[in-house]
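Note sheet for the following structure.
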Amino acid sequence: MDKLCIDYSFAGKRIGNMGKIELHVTSQLTDREENLYIRKCRYLGNKKGWEACIRSHIIRHLLDLGIGYMLMQSLMGNFKVDKQKVVPLIE
């Protein structure tokens with residue numbers, strides 16, 4: 001895959017008062033042939049790691065699709081979670 005578009009969105013909410021969150025992450029990868037690969041996951045855990053959780057989700061999605069490790073590193077090297085990608089949580 002020499003041309004790959006990565007998009008994602010996320011939503012979250014606090015669980016209780018112990019610093020736990022429920023985080024919903026959706027990643028969308030589109031290859032040069034316009035094939036769309038979507039992965040949705042729900043994570044439960046400490047709120048401090050929510051940005052790393054999103055990054056790990058996208059990396060795992062890329063690797064599971066057979067993207068080489070070096071290409072993945074190049075694609076994700078400067079990745080920062082964009083807080084504008086948050087969407088309302090639908091329950």
Atom pair CG/CG of Asn35 and Leu29 - distance to nearest 0.5 Å
11.5 Å
Would one find more than 12 heavy atoms of other residues, nucleotides or ligands at under 6.0 Å from atom NZ of Lys40?
no
Please give me the minimum heavy-atom distance between Met72 and Leu62, naming the atom from each residue.
CG-CD1, 3.9 Å
Hey, any chance Leu71 and Tyr8 share a hydrophobic cluster, counting ILVMFWY side chains that come within less than 4.5 Å of each other, even indirectly?
yes
Within this structure, what is the NZ-NZ distance for the pair Lys13 and Lys20, rounded to the nearest 0.5 Å?
16.0 Å
Less than 4.5 Å apart, side chain to side chain, heavy atoms only: is that true for Leu63 and Arg60?
yes
Are Phe79 and Ile6 packed together at the side-chain level, in the sense that at least one heavy-atom pair is separated by less than 4.5 angstrom?
no
Using the rule that two of Ile, Leu, Val, Met, Phe, Trp, Tyr join whenever any of their side-chain heavy atoms come within less than 4.5 Å, decide whether Phe10 and Tyr37 are in one cluster.
yes
Going by side-chain hydrogen bond (donor to acceptor under 3.5 Å, both in side chains), name the residues that satisfy it together with Asn78, two or more places apart in sequence or in a different chain.
none
How long is the straight-line distance from CE of Met70 back to CG of Leu75, given to the nearest 0.5 Å?
12.0 Å
Check whether any side-chain heavy atom of Glu51 lies under 4.5 Å from a side-chain heavy atom of Lys83, and answer yes or no.
yes
Sequence neighbours excluded, which residues qualify as side-chain hydrogen bond (donor to acceptor under 3.5 Å, both in side chains) partners of Asp82?
none
I need the minimum non-hydrogen distance between Ala11 and Val87, along with the two atoms involved.
CB-O, 3.2 Å
Nearest-0.5 Å distance that lies between atom CD in Gln28 and atom CG in Leu36
5.5 Å
Would you say the side-chain atoms of Arg55 pair up with the backbone N or O of Met76, donor to acceptor, closer than 3.5 Å?
yes
NE2 on His24 to CD1 on Ile54, rounded to 0.5 Å
12.0 Å
Could you tell me the separation between the CG atom of Asp7 and the CD1 atom of Ile58, rounded to the nearest 0.5 Å?
8.5 Å
Closest contact, heavy atoms only, Ile67 versus Leu4
CD1-CD2, 4.1 Å
Can you confirm whether the side chains of Tyr43 and His57 place a donor and an acceptor under 3.5 Å from each other?
yes
For Trp50 against Ile21, the heavy-atom pair lying closest together:
CB-CD1, 3.7 Å
